[in-house]
There are 2 protein chains.
Amino acid sequence: MNKRLSISDDQAVELAELFRLMGDASRLKIVLACLQKPQCVSTIAATTHLSPSLVSHHLRLLRATRMLRGERRGKQVFYVATDAHVQCVITDMVAHITESEAADS
Amino acid sequence: MNKRLSISDDQAVELAELFRLMGDASRLKIVLACLQKPQCVSTIAATTHLSPSLVSHHLRLLRATRMLRGERRGKQVFYVATDAHVQCVITDMVAHITESEAADS
DNA sequence: CTGATATATGAATAGCTATTCATATCTATG
DNA sequence: CATAGATATGAATAGCTATTCATATATCAG
């Protein structure tokens with residue numbers, strides 16, 4: 001039951017990088033859009049109200065850190081979240097935000 | 001069982017801000033140091049290998065978003081993590097990092 | 001091959017942010 | 001009060017980053 005909370009500096013950097021990726025509203029919305037099922041770039045752009053170019057730039061970062069995986073289907077490329085931990089974390093935090101909304105003093 | 005994953009733009013910004021705070025290695029280490037029990041600033045600075053000034057600057061941000069709470073005891077101020085959700089999220093992600101270390105292809 | 005659609009990439013930039021250094025405030029003690 | 005220790009604050013800056021615009025690449029239809 002005793003949880004390990006002391007991590008090395010390298011691990012802190014690694015972990016912070018994951019959080020940093022979710023620490024931008026545009027990128028977070030992109031990840032959210034791809035959490036449940038694969039979405040193509042233009043759909044992501046439409047649902048997030050971001051330009052396709054910007055979405056593509058962010059997708060590159062999310063791809064590089066393996067938070068999302070892309071698969072080409074014809075002209076389109078579909079992206080989906082890969083990491084179950086990330087899915088859990090985001091889901092939990094979304095729940096946190098949406099639940100504690102009325103209780104915000 | 002159907003989890004809410006679509007959030008408003010404002011909520012995305014709010015959520016991203018929480019992640020962004022943890023998205024800096026220095027700040028993440030500070031939060032980690034205060035997760036289990038209250039720590040004073042100089043102790044935090046010592047364990048994180050950061051200057052007291054830098055720690056104090058980061059603490060201000062963490063205080064402002066209510067991730068940490070500070071309490072004065074004599075000359076020292078002790079900080080501790082307030083939000084259980086944040087504790088969970090960080091603990092989960094730490095577990096994620098430390099577990100999947102060997103399996104990193 | 002041509003044109004059209006979808007995605008990616010590169011450069012340029014404006015705004016932000018982490019860090020440092022200097023200085024101020026707070027608190028206990030003598 | 002004066003001094004010392006602990007924390008906070010302010011200014012300055014160097015480096016980063018999100019965004020935009022222009023352009024390139026890829027895929028399919030005809």
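Just so we're clear, the structure is a prediction, and the values are computed from it rather than from any experiment. To find a chain, count down the sequence lines: A is the first, B the second, and so on, and within it residues start at 1.
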Verify stack between A:His57 ring and C:dT9 base, 5.5 Å, 30 degrees: yes
Interatomic distance, A:Lys75 NZ vs C:dA8 P [rounded to whole Å]: 15 Å
Sugar-phosphate only, base, or nothing, as touched by A:Ser56 at under 4.0 Å among non-hydrogen atoms: base
Nucleotide D:dA4, atom P - distance to CD of B:Gln76 in whole Å: 19 Å
Comparing A:Leu54 and A:Arg73 on DNA chain D - which has the more 5′ nearest nucleotide: A:Leu54
Euclidean distance, atom CG of residue B:Leu68 to atom P of D:dA8 [Å, nearest integer]: 11 Å
Heavy-atom check, side chain of B:Leu28 versus side chain of A:Leu15, under 4.5 Å: yes
Between D:dT19 (C1') and A:Leu50 (CG): distance, integer Å: 10 Å
Polar side-chain contact B:Ser53-D:dT9 base: donor and acceptor under 3.5 Å: yes
Separation of atom CG in A:Leu28 from atom P in D:dA18, rounded to whole Å: 13 Å
Short side-chain N/O contact to C:dA8 OP1/OP2 from A:Tyr79, under 4.0 Å: yes
Short side-chain N/O contact to D:dT17 OP1/OP2 from A:Arg20, under 4.0 Å: yes
Whole angstrom value for the distance that separates P of D:dT20 from NE2 of A:His58: 9 Å
Nucleotide nearest A:Val77 (side chain, heavy atoms from C-beta), chosen from D:dA18, C:dA8, C:dA6: C:dA8
For atom CG of A:Leu59 and atom C1' of D:dT19, their distance in whole Å: 15 Å
Interatomic distance where CG belongs to A:Leu61 and C1' belongs to C:dT9 [whole Å]: 13 Å
A:Arg60 side-chain N/O to A:Leu62 backbone N/O, donor-acceptor pair under 3.5 Å: no
Residue B:Val41, side-chain atoms from C-beta onward, closest of C:dT5, D:dA18, D:dA8: D:dA8
Of the listed nucleotides D:dA18, C:dA8, C:dA18, the one nearest the side chain of B:Asp24: C:dA18
Flag side-chain contact, heavy atom, 4.5 Å: B:Val89 against B:Val86: no
Heavy-atom check, side chain of B:Glu14 versus side chain of B:Ile7, under 4.5 Å: no
D:dT7 OP1/OP2 closer than 4.0 Å to side-chain N/O of B:Arg72: no
Sugar-phosphate only, base, or nothing, as touched by A:Phe78 at under 4.0 Å among non-hydrogen atoms: nothing
Heavy-atom check, side chain of A:Leu18 versus side chain of A:Asp83, under 4.5 Å: no
